[in-house]
There are 2 protein chains.
Amino acid sequence: MGYSESMYAKAIELTRSVIEMTAAADSGHPSSAASLAHIVTVLMYDHMRYDPADPANLAADRLVLSEGHSAPIVYAAGADLGIAIKNNGETRQMTTEDSLELRAIDSPIDGHPNPAEGFIFFPAATGSLGQGLSVSAGMAAASQLNASDSRVYCLIGDGESREGQIWEAIDFIVDYELAAVCPIFNCNGYGQSDPVSVQQMANRTESKLRGAGFDVKVVDGHNPQEIKDALVMHTQRIEEGKPFAIVAKTVKGWGFTSVAKDGLHGKPVTGTDKDIAFEQLQKMLDDLPSITENLHPTRPSVIPSVKATSPVLDFRQALEEFGQADALDSGKLATRRAYGHALRALGRANPNIVVLDGDTKNSTFSEFFANDKELAGRFFECRIAEQHMVSCAGGLAAAGKIPFVSSFGRFIMRGYDQLDMAMISRFNVKIVGSHIGANIGADGPSQMALSDVAFIRSLTKVRDRDNNPIMYLLNPADARCAYDLTVAMASHDGACYMRTLRPDTPFLYGDEVEFTLGGHEVVSQGEDLLIVASAYMVHEAIKALPILEQKGINATLVDLYSIPFDVKEIVLLAKQNGGRVITLEDNYGAGIGSEVGDALLEEGGSFILKQMFVRKIPKSGRSTDDLIRYVGLSVEDIVEAAQRLTLS
Amino acid sequence: MGYSESMYAKAIELTRSVIEMTAAADSGHPSSAASLAHIVTVLMYDHMRYDPADPANLAADRLVLSEGHSAPIVYAAGADLGIAIKNNGETRQMTTEDSLELRAIDSPIDGHPNPAEGFIFFPAATGSLGQGLSVSAGMAAASQLNASDSRVYCLIGDGESREGQIWEAIDFIVDYELAAVCPIFNCNGYGQSDPVSVQQMANRTESKLRGAGFDVKVVDGHNPQEIKDALVMHTQRIEEGKPFAIVAKTVKGWGFTSVAKDGLHGKPVTGTDKDIAFEQLQKMLDDLPSITENLHPTRPSVIPSVKATSPVLDFRQALEEFGQADALDSGKLATRRAYGHALRALGRANPNIVVLDGDTKNSTFSEFFANDKELAGRFFECRIAEQHMVSCAGGLAAAGKIPFVSSFGRFIMRGYDQLDMAMISRFNVKIVGSHIGANIGADGPSQMALSDVAFIRSLTKVRDRDNNPIMYLLNPADARCAYDLTVAMASHDGACYMRTLRPDTPFLYGDEVEFTLGGHEVVSQGEDLLIVASAYMVHEAIKALPILEQKGINATLVDLYSIPFDVKEIVLLAKQNGGRVITLEDNYGAGIGSEVGDALLEEGGSFILKQMFVRKIPKSGRSTDDLIRYVGLSVEDIVEAAQRLTLS
C-alpha cells in the first residue's frame with residue numbers, strides 16, 4: 001500500500017475513534033475534528049519529529065490546535081500512538097480507554113486542549129479562538145533563540161481566522177522571520193452557526209495571506225500526498241526565513257457526511273446515525289487496497305542546551321551600573337523606570353529572560369532592556385497588538401522562557417482573554433502594566449488602567465494544586481519595591497501582574513526593608529485608624545498622616561503592594577485600630593478595598609470600612625494633582641473621610 | 001487662489017493651532033496631528049456634509065478619529081469653524097480660547113476624543129487604538145437601516161493598523177457592504193517608539209486591503225486635490241456597495257519637520273523649537289499665492305425619521321406567540337432561551353432594537369431574533385470577532401440604536417477594552433454573555449465566564465453625573481427574570497451586562513414578582529443565616545434549604561440578580577440573620593461575595609461572611625453536577641459551610 005493509502009486508512013480509523021469518543025462523552029465536535037483527519041494523520045504519523053514518550057521536549061516539533069474544539073482527532077492519534085500523558089502525577093502512555101473518557105470529570109482528556117490536565121502533547125490550552133498562532137509564534141521565537149530547528153504546526157479554523165489576532169500573529173511572523181511556524185488554515189466552510197463568510201473562504205484567506213507577505217499553498221485537505229508536499233515545501237522555506245502557510249480545503253464531517261448535515265457543529269453522532277456514519281467510513285476503508293501498517297513519527301535530533309544564570313544586581317548596583325545613580329541623590333524615581341532597570345539586570349543574569357512590548361517601550365521603560373546590545377536579541381517588539389503579545393508570551397513560556405510583557409496597563413486589558421487562557425495553560429508569564437490609575441493626568445481615561453485591579457484580583461483568588469495563587473497582583477508605590485518585585489517575579493514559577501506608575505515618586509524605604517510576593521509594609525503604626533493604600537495613593541496617604549495627627553488621629557498606614565497578602569496581619573492591624581479602616585486606590589472599585597473587606601469578613605468581627613476609589617469616569621487634567629482631586633482622592637478628601645470615620 | 005492652495009493654507013493654519021494648543025497643555029501629540037492636517041482640512045472644510053451647529057445630527061457625515069491622540073488637529077478646525085460643543089450643560093460654539101484649554105481639568109476639550117466631556121463632533125471616545133473602524137461600521141449599519149446617506153470617515157494610524165480589530169472591521173464592512181464607511185489610513189511611518197513595521201507601511205496596507213476585497217486609492221496625504229479626488233471616488237463607490245479605502249502617505253510632524261525629529265511622538269513643541277516651527281510654517285504660507293477665504297462644509301439634506309414603538313409582549317405571551325408554551329408546562333427553561341424570546345418580542349415592539357452575535361446565535365439564542373423574517377435585517381452576524389462586535393455595537397448606539405450584543409460570556413471578555421471605551425463614550429449598549437460559570441459542564445474552562453463578574457462589577461461602582469451607575473450587572477437565575485430584565489435593559493438608557501445560563505433551570509417565581517435593575521428577590525426568609533446566591537447557585541441553594549432546616553438552620557435565601565442592589569435591605573437581612581452570611585457564585589472570586597462584603601462593611605457592624613466561589617481552575621466534566629462538585633459548590637458543600645458558620 002502506498003503512502004497516500006496508508007495515511008488515508010489511518011485517517012478513517014482516527015475518524016471512527018473521534019465518533020466513538022464524542023459519543024461516549026455525549027458532547028464534542030466530531031465534524032470539526034474529522035475535517036482535520038488527514039492533516040493530523042500526515043503530521044502526527046509522518047511529518048512531525050517528536051518522541052511520543054516525550055512529546056513536550058524542547059527539541060520536538062509541536063502541534064498547536066488553535067481551533068481547540070477539534071481536539072478529539074488529536075486524542076485519537078494520541079491513543080493510537082500511545083503518546084505520553086500525565087495522570088495523577090504519573091506519566092504513562094495514552095490508551096483507547098483514555099480517549100473514551102473524553103470530558104469526564106476525572107479524565108486528563110479535556111474537552112478542549114488543556115495540557116495542565118494531562119495531555120501534554122498540546123503545548124497550550126486553546127478553545128477561546130484565534131490565539132494559537134500567537135502561541136506558535138512565541139514558541140518559534142524561543143526555538144530561534146535556542147538555535148533549535150523545531151517546527152510549530154498551527155491548525156486554525158476558517159471561521160476562527162476572522163479573529164483579528166490571527167492577523168496580528170501573521171504580521172509578527174513576518175517581522176521576525178519565524179518561518180518555522182506553519183499556519184494551516186482548515187477551510188471546512190462552516191462556523192458554529194452558519195457557513196463562513198466569503199471573507200473566510202479559502203480563496204480570500206489565500207489572498208489575505210499573500211497581501212500580508214506570506215507564500216501560500218492551497219491543498220485538498222483530504223489528500224495526504226498534497227498535504228505532505230506542502231509540508232515539505234514549508235520546511236524548505238524555513239532557512240530562507242520566508243513565511244509560508246497552507247490553506248487546506250476540507251469537509252466538515254468528513255467521512256460521515258451522510259449524517260453531518262450543515263457541518264453539524266458541536267454535536268456527537270449517536271444511535272442509528274452512528275451506525276450510518278460507521279458504514280460510510282467502512283465503505284471508504286474497504287475501497288482502499290489493504291490495511292495500513294502502524295506508522296511512527298521521526299524522533300527529533302537537536303536538544304537545546306540550558307544556559308547558566310548568574311546573580312542579579314541589586315537596586316543600587318543597577319542604578320549605578322546603568323548610569324542613573326542621580327536618582328539615588330534626588331530621592332525619587334518612577335516605578336516604571338525601576339522596572340526597566342530590573343529587566344536589564346535580570347536579562348544580564350538569566351539568559352531565559354525575554355521581554356515583549358507593544359510600541360510603548362519608551363513609556364514602560366522596557367527599552368532599557370531593548371537598547372542593551374547584549375539583550376536586544378531577546379526583546380520582541382510586538383507593535384500595537386496586545387492580544388498577540390500576551391499569547392506570544394505564553395508561547396515563549398511554553399518553550400521554557402521567562403517572558404515579561406510590557407505595555408500601558410490600560411492596553412494589557414486588550415489581552416485579558418489571552419491572559420485567562422495563559423492561566424489555564426499555567427504559563428509562567430509576567431505582565432507589567434504602566435500608567436496605572438487616575439494619577440497619569442493629561443492623557444485622559446482612554447490611557448488609564450482603572451478596571452485592572454478588579455479583573456486580576458479575581459485570578460489571585462484561584463489556587464493551583466499546591467494551593468499557591470495562580471496569579472500575584474503587585475502594586476508597588478516605591479521604586480526599589482518595584483525593582484525587587486520584578487526580580488522576585490522572575491524567580492517565582494507562575495504568573496504575576498505588576499502595575500507601574502508614570503510619575504516620579506519619592507523613595508519610601510530604607511535598604512533593610514525586603515519586598516516579597518505576598519508581602520506588605522507598615523509605613524506608620526498608629527491606633528485610631530488603619531489606612532490601607534496602594535501605588536500612587538501611598539504617597540497621598542503619607543501626606544495626610546501629619547495632618548491627621550494634628551487633628552488627633554493617630555493612623556496606621558499600610559502599603560499593600562501585593563495581593564494576596566497576609567490576611568491575619570492585616571486583620572490584626574484593623575483590630576488594633578478600633579476596627580476602623582480606610583482603603584485608598586486611584587482605580588475603579590472592586591479592587592484593593594474589596595480585597596481588604598474580604599479579609600476582614602472572612603475572620604469576622606466588628607469593622608467599618610470606607611473604601612476610597614475612583615467613582616466617576618476620569619477625564620484629562622494637566623497635572624496629577626488635578627486628577628487626584630477630580631476623582632475625590634486628594635489629601636483633603638482623605639483627611640475628611642478619616643475624620644468622619646473616627647468620629648462615628 | 002485655487003482649491004488646493006486654499007486647503008493648503010488652511011492646513012498650515014490648523015497646524016499652527018495644534019502647536020499652540022499642545023504647547024499650552026504642555027502635552028499631546030502635535031506631530032501625529034499635523035500628519036493629518038490636509039486630510040482633516042479637506043474633510044471638515046469641504047467634503048463632509050454636516051452642520052457645525054449640530055454636528056451630531058443623525059443625517060450628518062461623521063468623522064471617527066480612531067488614532068485618538070491626533071485630536072488636536074480636529075480641535076483646531078472645530079475652534080476655527082465654531083463647531084458646537086457642550087460645556088456645563090450648555091451648547092455653544094467652540095472658540096480658539098477653548099482649544100488653548102486642551103487637557104485642562106475643567107475643559108471639555110479632552111486629550112483624546114471624549115464626546116461625553118463636550119466635543120460632540122466626535123461620535124465616540126477613542127484612544128485605545130484599533131477600535132474606530134468598528135465604531136464607524138456600526139454607525140454606517142445604523143444609517144443603512146435608517147436609509148440615510150450619511151457617510152463615516154475613519155482616520156486610522158498606520159501603527160494602529162497592526163491591531164487585528166481593524167481587520168475584523170474590514171471583513172465586516174465587506175460582509176455588510178457598508179461602503180459608506182471610508183477608512184483612511186494615515187501612513188506617517190512612525191509608531192510611538194519606532195518607525196512602523198514593514199507590515200504597516202503604505203504598500204503593505206494596500207496589498208492587505210486588496211487581499212481582503214477592498215478597492216484602494218493611495219494618495220499623497222498632503223495634496224488636497226488628491227485627497228479630494230479619492231473622497232469623491234469613495235462616494236461613487238457607495239451605491240455599488242463596493243468597499244473602498246484610502247491609503248495616505250503622510251509626514252509625521254508635517255510643517256515643522258525641522259524640529260519633529262524621528263516623528264517626535266507625544267511631545268509638545270515649546271520654547272525656541274516652537275519659534276523654529278512657526279518660521280517653517282510661515283515660510284510655507286508665504287510661498288502660497290494669497291490668504292485663503294474661510295471655507296464651510298455643506299449641510300446634510302436627509303433627516304431620518306424616528307419610528308414609533310409599541311408595547312412589548314410579556315413572558316407568557318411571548319412563549320405562546322413564539323411556540324414555546326410547552327416550557328410553561330414543563331416548568332423550566334434556560335435563561336438564555338428566555339433572553340432570545342425577549343429579544344424577539346422587543347424587536348417587534350421597537351424598531352431601534354438591533355442584535356449582534358459572534359457565530360454563537362444558536363447557543364445564545366439570539367437566533368430567535370435573527371430567524372424572525374421581520375427582524376432579520378436588524379441582526380448583525382459579526383462572526384468570530386468579539387472585539388469588533390462590541391465596538392460596532394457602540395457605533396450603532398452612537399447612531400441612536402439600542403444594540404444587544406450576544407456571545408458566550410467567556411468570549412465577551414475579548415472585548416473588555418472595547419467595553420471600557422464604550423463606557424467612556426457613555427454608549428447605550430446591552431451586553432449579554434451566555435454559558436456563564438462552572439455549571440456549563442463538558443466544554444471545559446476555555447468556554448466558561450469566570451472573571452466577568454469581577455471586571456463588570458468594577459464598572460457598576462462608577463457613577464455618571466446624575467449619580468446613576470454607568471453599568472448594571474444582571475445575573476438572573478430564572479427564565480422570567482431573564483426575560484423581564486432584558487425588557488428592562490432596553491428601557492434603561494445606559495449600559496448593562498447580563499449573564500445567561502446554559503442549562504434549563506426550573507421557574508422560581510409567581511407572576512406577581514417584579515424584576516428591576518437594582519432589584520433582588522428574597523426566596524425564603526429565615527433567621528439563622530443569610531445565603532446570598534446568584535444565577536445557577538440560586539438553584540443549588542434552594543436544594544440546600546430543606547436539608548439545612550432538618551439540621552436546625554433556618555436560612556434566608558436572597559436571589560441577588562442585580563449589582564448594584566439595595567445595600568440597606570441586604571445589610572438589614574444580614575443583621576436579622578445574626579450577621580452570618582454565605583455567598584454563592586460559580587465564578588471566580590472578587591464577585592458577588594465581595595460586593596455583599598462591601599455593603600456590609602460600608603454600614604459597619606459585626607458580621608462574618610463565608611464566600612463560596614470557584615477557587616480552582618475548572619476542567620471538563622460530563623455533567624453540571626460533576627463540575628459544581630469539582631469546584632466545591634455542591635449542596636453538600638453549602639450545607640457543610642452553613643453548619644460551620646452557624647456553629648461558630
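Reminder, nothing fancy here: chain letters follow the sequence lines and each chain counts from 1. The model shown is predicted, which means the values in this text are computed figures rather than measured ones.
Interface summary for chain A: among B/I412, B/V453, B/T360, B/N114, the most heavy-atom pairs under 4.5 angstrom belong to B/T360. In terms of heavy-atom pairs under 4.5 angstrom with chain A, the leader among B/H69, B/M421, B/E602 is B/M421. Across A/G111, A/S606, A/G589, the residue that shares the most heavy-atom pairs under 4.5 angstrom with chain B is A/S606. Top candidate by heavy-atom pairs under 4.5 Å with chain B, chosen from A/A116, A/S161, A/G605, is A/G605. Taking chain A as the reference chain and counting heavy-atom pairs below 4.5 Å, the highest number among B/E381, B/Q387, B/R463 is found for B/Q387. Per-residue heavy-atom pair counts under 4.5 Å with chain A were compared for B/A454, B/A442, B/S27, B/G191, and the maximum is reached by B/A442. For the set A/V198, A/N467, A/V196, the entry with the most heavy-atom pairs within less than 4.5 Å of chain B is A/V196. Looking only at heavy-atom pairs under 4.5 Å with chain A, the residue among B/G604, B/G415, B/A590 that has the most is B/A590. Among A/E386, A/K610, A/H29, A/E206, the residue making the largest number of heavy-atom pairs under 4.5 Å with chain B is A/E386. Contact count versus chain A (heavy atoms, under 4.5 Å) is highest, among B/P445, B/A370, B/G444, B/G597, for B/P445. Ranked by non-hydrogen atom pairs under 4.5 Å with chain B, the options A/Q165, A/E117, A/E160, A/E595 are led by A/E117. Taking chain B as the reference chain and counting heavy-atom pairs below 4.5 Å, the highest number among A/R629, A/Q131, A/R465 is found for A/Q131.
Residues A/D175 and B/S197 approach most closely at OD1-OG, 2.6 Å, considering heavy atoms. Between B/I617 and A/V462, the closest heavy-atom pair is N-CG1, 3.6 Å. Between A/R162 and B/A385, the closest heavy-atom pair is CG-CB, 3.8 Å.
Within the 4.5 angstrom heavy-atom criterion, atoms from both the backbone and the side chain of B/S594 approach chain A. In this structure, chain A has heavy atoms under 4.5 Å from both the backbone and the side chain of B/E163. Contacts of B/L450 with chain A are absent, with no heavy-atom separation under 4.5 Å from either backbone or side chain. Neither the backbone nor the side chain of B/E367 comes within contact range of chain A; no heavy atoms are under 4.5 Å apart. Looking at B/E168, both its backbone and its side chain come within 4.5 Å of chain A, counting heavy atoms on both sides. No part of B/H388 comes within reach of chain A, as not one of its non-hydrogen atoms sits under 4.5 angstrom from that chain. When heavy atoms are compared at a cutoff of 4.5 Å, B/A125 does not approach chain A at all. With a 4.5 Å cut-off on non-hydrogen atoms, A/Q418 touches chain B through its side chain but not through its backbone. Proximity to chain A is limited to the side chain of B/R426, based on heavy atoms less than 4.5 angstrom apart. If you measure heavy-atom distances from B/D26 to chain A, you find no contacts under 4.5 Å at all. With a threshold of 4.5 angstrom between heavy atoms, A/I456 does not approach chain B through any atom at all. Interface residue B/E603: only backbone heavy atoms are found under 4.5 Å from chain A. Residue contact with chain B, scored on non-hydrogen atoms closer than 4.5 Å, involves the backbone and the side chain of A/K616 alike. Proximity to chain A is absent for every atom of B/S623, based on heavy atoms less than 4.5 angstrom apart. Only the side chain of B/F613 comes within contact range of chain A, judged by heavy atoms closer than 4.5 Å. Within the 4.5 angstrom heavy-atom criterion, only backbone atoms of B/V614 (N, CA, C, O) approach chain A.
A/S363 and B/Q192 share a side-chain donor-acceptor pair at under 3.5 Å. Under 3.5 Å, the side chains of B/S451 and A/S458 contain a donor-acceptor pair of N or O atoms.
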How far apart are the C-alpha atoms of A/L209 and B/K208, what are their side-chain angles, what is the distance that settles it, and do they pass the side chain to side chain contact (heavy atoms under 4.5 Å, CB included) test? CA-CA 8 Å; A/L209 284 165; B/K208 285 181 179 176; over 6 Å; no
Under the side chain to side chain contact (heavy atoms under 4.5 Å, CB included) rule, what do A/R383 and B/D194 come out as? Steps first, then yes or no, please. CA-CA 9 Å; A/R383 309 284 176 175; B/D194 282 301; 4.0 Å; yes
Would B/R210 and A/S207 satisfy side chain to side chain donor-acceptor pair (under 3.5 Å), going step by step from the backbone distance to the final call? CA-CA 8 Å; B/R210 291 196 189 281; A/S207 69; over 6 Å; no
Would you check, one step at a time, whether the test side chain to side chain donor-acceptor pair (under 3.5 Å) holds for B/S193 with A/D359? CA-CA 6 Å; B/S193 64; A/D359 195 27; 2.8 Å; yes
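Proximity of a side-chain donor or acceptor of B/Q199 to a complementary backbone N or O of A/A212 within less than 3.5 Å is detected. A side-chain donor-acceptor contact under 3.5 Å links B/Q447 to the backbone of A/G127. Formation of a donor-acceptor pair under 3.5 Å by the B/R622 side chain with backbone atoms of A/A24 is found in this model. A donor-acceptor pair under 3.5 Å is formed between the side chain of A/K619 and the backbone N or O of B/I105. Side chain of A/S620 to main chain of B/R103: no donor-acceptor pair is present (N/O by atom type, distance under 3.5 Å, no hydrogens or angles). In terms of modelled atom types and a separation under 3.5 Å, the side chain of B/R414 and the main chain of A/L129 share a donor-acceptor contact. When atom types are taken as modelled, the side chain of B/H112 and the backbone of A/D443 share a donor-acceptor pair closer than 3.5 angstrom.
Using a 4.0 Å cut-off between a side-chain N of Lys or Arg and a carboxylate O of Asp or Glu, A/R410 and B/D417 qualify as a salt bridge.
Side-chain contact between B/Y588 and A/M423: absent, with no pair of heavy atoms (C-beta onward) separated by less than 4.5 Å. Counting only heavy atoms from C-beta outward, the side chains of A/D598 and B/Q611 approach each other to under 4.5 Å. In this structure, the side chains of A/L601 and B/L601 come closer than 4.5 Å at one or more pairs of heavy atoms. The closest side-chain heavy-atom distance from B/M413 to A/D420 is below 4.5 Å.
The structure places OH of B/Y630 at 10.0 Å from CG of A/D106, a figure rounded to the nearest 0.5 Å. Rounding to the nearest 0.5 Å gives a distance of 14.5 Å between CZ of A/R615 and CG of B/D464.
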